[in-house]
Protein chains: 2
Amino acid sequence: MSSLADRIEAYLMHLLARSQDGYVEVRRGELADRFSCVPSQVTYVLATRFTPERGFVVESRRGGGGFIRIVARHPRPEQPAGLGALWRRIGRSLSQAQAEGLLRAWEEMGIVSRRQAALARHVLQQEARELAPPLDGMVRAAVVKGMLVVLSNWPAGNDGIR
Amino acid sequence: MSSLADRIEAYLMHLLARSQDGYVEVRRGELADRFSCVPSQVTYVLATRFTPERGFVVESRRGGGGFIRIVARHPRPEQPAGLGALWRRIGRSLSQAQAEGLLRAWEEMGIVSRRQAALARHVLQQEARELAPPLDGMVRAAVVKGMLVVLSNWPAGNDGIR
DNA sequence: CCGTGATTTGACCTTGTTTGACTTTCTTGG
DNA sequence: CCAAGAAAGTCAAACAAGGTCAAATCACGG
């Protein structure tokens with residue numbers, strides 16, 4: 001028997017799946033109402049199912065006109081070699097070699113252009129230069145994650161500044 | 001449902017975007033009238049959304065012929081040019097407020113999607129969290145620059161990872 | 001049957017918005 | 001100069017969400 005939490009999760013996943021932009025906005029109260037439960041049940045579902053580890057980011061606002069926004073990081077949740085894995089693999093820090101390897105791979109896959117790769121290498125160099133070992137890796141990871149944010153596009157996304 | 005405050009903000013932003021000089025002048029009373037609300041609602045919007053933190057300066061005069069002038073400090077809708085300036089603006093370090101302001105601006109201009117903006121906010125938060133003052137700013141700058149690397153997408157059109 | 005982890009509830013908290021009564025500051029006509 | 005009137009400003013109370021936390025309950029493997 002699927003639990004209430006499961007059904008709420010399924011409903012939200014459904015909304016996400018058919019959303020064109022890769023995110024949904026709901027009212028906690030309305031949801032609670034629809035499933036005839038207390039609002040904090042919704043909070044529970046968000047906290048246990050829509051976590052960053054599972055590839056979701058949740059934003060919310062209180063007060064009048066408040067809402068909860070659930071953002072999916074990737075169209076197809078957990079593909080073995082997909083973006084989710086990539087996010088996890090990057091982790092908190094990247095060596096120069098790791099970063100370059102990633103870039104080369106992306107370039108070969110046509111995920112980034114030659115020019116973007118070159119620019120990225122330049123930025124990596126600039127930013128991580130003269131930083132002591134614990135920090136430089138973090139900065140590299142930061143740069144790559146910034147790239148990933150823009151690259152991990154939901155079908156129908158932005159194409160960049162022309 | 002977006003709140004009244006949101007709608008008033010949007011309206012003012014719209015006026016600002018259309019204005020060539022980067023500022024607008026409105027009557028508090030007229031605005032209140034247009035949105036059928038009390039005048040102090042307008043004051044509330046100004047106080048919460050058009051702050052110096054977000055790059056606005058608000059001046060006003062009371063009495064007959066009074067007015068409210070909203071000046072946008074940097075966000076000139078730099079459509080064609082701007083990219084180089086953007087790199088320069090980012091610099092070596094970014095405060096949380098600066099980073100969020102930039103993101104908001106990009107989101108408004110449609111340079112990044114709502115979803116990308118949300119992801120970016122999350123990454124920014126995660127990466128800079130528990131980093132002491134000199135470093136956190138650098139990491140934020142790194143994230144934003146990573147985004148910019150991909151966004152400054154010349155001819156070779158990239159559509160993101162599918 | 002029991003212990004453990006997941007779920008469900010509800011009382012209470014924090015944040016953001018809306019309204020309205022009251023105040024301050026200008027402008028102007030007399 | 002001064003009183004009236006026309007704005008805008010302040011501030012606190014009432015509302016409108018969402019968040020927290022812990023107790024109660026449930027489901028299950030051992």
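Protein chains get the first letters and strands the later ones, always in sequence-line order, with residue 1 at the start of each.
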Once you round it to whole Å, what is the distance between C1' of D:dA6 and CD1 of B:Ile68? 14 Å
Flag if over 12 foreign heavy atoms under 6.0 Å of CZ, A:Arg18: no
Do any N or O atoms of the protein come closer than 3.5 Å to N or O atoms of nucleotides 24-26 of chain D, and which pairs are they?
none

So B:Ile68 and B:Phe50, side-chain contact (heavy atoms from CB on, under 4.5 Å) or not? Walk me through it. CA-CA 12 Å; B:Ile68 290 175; B:Phe50 294 86; over 6 Å; no
Can you list, in residue-number order, the parts of residues 33-49 of chain B that come under 4.0 Å of DNA chain D, counting heavy atoms only? B:Ser40, B:Thr43
Atom pairs, protein N/O to nucleotides 26-30 of chain C N/O, distance under 3.5 Å:
none

State the CG-CD distance between B:Leu103 and B:Gln98, to the nearest 0.5 angstrom. 12.0 Å
Base D:dG18 paired with A:Arg27 side chain (donor-acceptor, <3.5 Å): no
For residues A:Trp154 and A:Gln20, determine if any side-chain heavy atom of one lies less than 4.5 Å from a side-chain heavy atom of the other. no
Looking at A:Gln116 and B:Val150, would you say the former's side chain and the latter's main chain have a donor-acceptor pair under 3.5 Å? yes
Going through the distances and angles, do B:Leu4 and B:Gln41 end up as a side-chain contact (heavy atoms from CB on, under 4.5 Å)? CA-CA 9 Å; B:Leu4 173 55; B:Gln41 178 71 262; 3.5 Å; yes
Measuring from atom CG of A:Leu135 to atom CZ of A:Arg140, what distance do you get when rounded to the nearest 0.5 angstrom? 10.5 Å
Check the distance between D:dA16's P and B:Asp6's CG and give it to me in whole angstrom. 17 Å
Just how far, in rounded Å, is C1' of D:dG9 from CZ of B:Arg69? 18 Å
Whole angstroms only, please: what is the CD1-P distance between B:Ile8 and C:dG16? 18 Å
When rounded to the nearest 0.5 angstrom, what is the spacing between CG in A:Leu86 and CG in A:Leu151? 9.5 Å
Length of the line joining A:Leu4:CG and C:dG10:P, which is rounded to integer Å: 12 Å
Please report, rounded to the nearest Å, how far the P atom of D:dA17 is from the CG atom of A:Leu31. 14 Å
Determine, stepwise, if the pair B:Ile8 / B:Cys37 fulfils side-chain contact (heavy atoms from CB on, under 4.5 Å). CA-CA 10 Å; B:Ile8 295 177; B:Cys37 65; 4.2 Å; yes
A:Arg28 CZ to C:dT14 P, straight-line distance once rounded to whole Å: 15 Å
Under a 3.5 Å distance rule, please check whether A:Thr51 uses its side chain to pair with a backbone N or O of A:Thr48 as donor and acceptor. no
Donor-acceptor under 3.5 Å (B:Ser40 side chain, B:Thr43 main chain): no
